[in-house]
Structure formats: C-alpha cells, structure tokens
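Atoms within a ligand are numbered from 1 in the order they appear, just like the ligands themselves. As a basis for the values below, the full set of heavy atoms in this structure was taken, side chains included, without hydrogen atoms, waters or symmetry mates. The residues of the chain are indexed from 1 along the displayed sequence.
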Amino acid sequence: MSQQPLVGVVMGSKSDYEVLSAAVEILQTLGIPHEARVLSAHRTPDQLFEWVEEATAEGVRVIIAGAGGAAHLAGVIAAKTLVPVLAVPIAATPLNGLDALLSMVQMPKGVPVATLAIGKPGAANAALFAAEILALNDKALYERLKAWRAARAKEVLESKLPE
Ligand code: RP5
C-alpha cells in the first residue's frame, strides 16, 4: 500500500508468511494501510529495533508479530514501544505452535503482548483486532468493519446443508 502504514506486520521468517498472509488479506480487505516485514528477534535484532523505532515514529499504531518456536519476537518488540503488539503463534516445530503460544502468552508483568490463536485463525483475528483498535478513532473504518462482520453472519445464515 502506498499510504502511510497504520499496521506493521512482522514475522520472524519468510516461512511464516503462509500464516501471516491471513492477516495481510484482512488488512487489505478493510483498506487499512499496512507494511509487512521479515525481521527476526535473534537473527536481525538491530534491524528489528531500527524498524520498530522508525515505523512507530512514522505512524504505525498497531504491530502484529508472528513467530514460531521460542517465539520472542512479539515480546522484544513490545519492550521497545508502547504501540499495542498483537502476537500470533506459529506452528514451526514438532510442538505444533504450543511452544510459541506459551512463549508469547506468558509475558512477564509489565510488558504486555496480546496473544491470539495459533496459526491462520490467530493471524486473521490479529488483523481484525488491529482494525477494532484503529476504528475507535476512525468512523469510516468502523463502518467497514461492521459491514465485514455482518457479511460473515449472512454467510452463516445462508449456509445450505446437503439434502
Ligand atoms: C522462528 O523460527 C520463525 O518465526 C519461524 O517460525 C521459525 C523457523 O524459521 P526458519 O528456520 O524457517 O527461517 O524464528
């Protein structure tokens, strides 16, 4: 998107994009300017910190962070900013995302991250949660979000089961 990003989507590895794309799709659907980056807390810590500082200074208001394994990406980002950080645990090891979930959800008191479900449902919900935060001060986005929710309800009500 060419507009100034309001949401930053960060992932620890390119391999995480398969999951985080579910967040990007929702942000696109709702017309929320965003930026997606691959930055790792343990492989590129300096560049991660630089990005957090620049992105938040330039207007990013919510950060979605997805990572697998000993997932510290969200917590490390939260340590560097007061912008809300939404964490998406990714199944990247034989522990199927439980490792990342526990790592993200068990942030010590004082530096919060809001942790969503493991995998694509969590990624999609992170984008919706980001939209809800931004919609508090954006009436047009609030209306788009309301219409999106209503469309999902309509889908359910119009479901046809096999005879
Ligand atoms: C984590 O390790 C990443 O977030 C990813 O989920 C996992 C595996 O990364 P790659 O080895 O595929 O780059 O840091």
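The side-chain contact (heavy atoms from CB on, under 4.5 Å) with V83 is formed by just one residue from the set V52, I63, I77; it is I63.
The protein non-hydrogen atom at the shortest distance from atom 4 (O) of ligand 1 is D16 OD2, 2.6 Å. At the top of the distance list for atom 12 (O) of ligand 1, counting protein heavy atoms only, stands S15 OG, 2.9 Å. In this structure, the protein non-hydrogen atom closest to atom 14 (O) of ligand 1 is H42 CE1, 3.3 Å. Nearest non-hydrogen protein atom to atom 11 (O) of ligand 1 is R43 NH2, 3.3 Å. The protein heavy-atom contact nearest to atom 2 (O) of ligand 1 is G68 O, 4.0 Å. Protein heavy atom in closest approach to atom 13 (O) of ligand 1: S13 OG, 2.6 Å.
Side-chain atoms of R43 do not come within 3.5 Å of backbone N or O of L39 as any donor-acceptor pair. Remark: the backbone N or O of L134 is not paired with any side-chain donor or acceptor of N137 at under 3.5 angstrom.
The shell of residues lying under 4.0 angstrom from ligand 1, judged by heavy atoms, excludes K14. Ligand 1 is never approached by M11 to a heavy-atom distance shorter than 4.0 Å.
Short contacts between ligand 1 and A92, defined as distances under 4.0 Å to a heavy atom of the residue, involve ligand atoms 6 (O), 7 (C). Every atom of ligand 1 with a heavy atom of A67 under 4.0 Å away is listed here by number and element: 4 (O).
Ion pair K80/E50 not flagged as a salt bridge, since none of the NZ, NE, NH1 or NH2 atoms sits closer than 4.0 Å to an Asp/Glu carboxylate oxygen. Taking 4.0 Å as the cut-off between side-chain N and carboxylate O, E158 and K160 do not count as a salt-bridged pair.
I26 and M11 end up in the same hydrophobic cluster when Ile, Leu, Val, Met, Phe, Trp and Tyr side chains are linked at under 4.5 Å. Residues I64 and I118 do not share a hydrophobic cluster, clusters being chains of Ile/Leu/Val/Met/Phe/Trp/Tyr side chains in contact below 4.5 Å.
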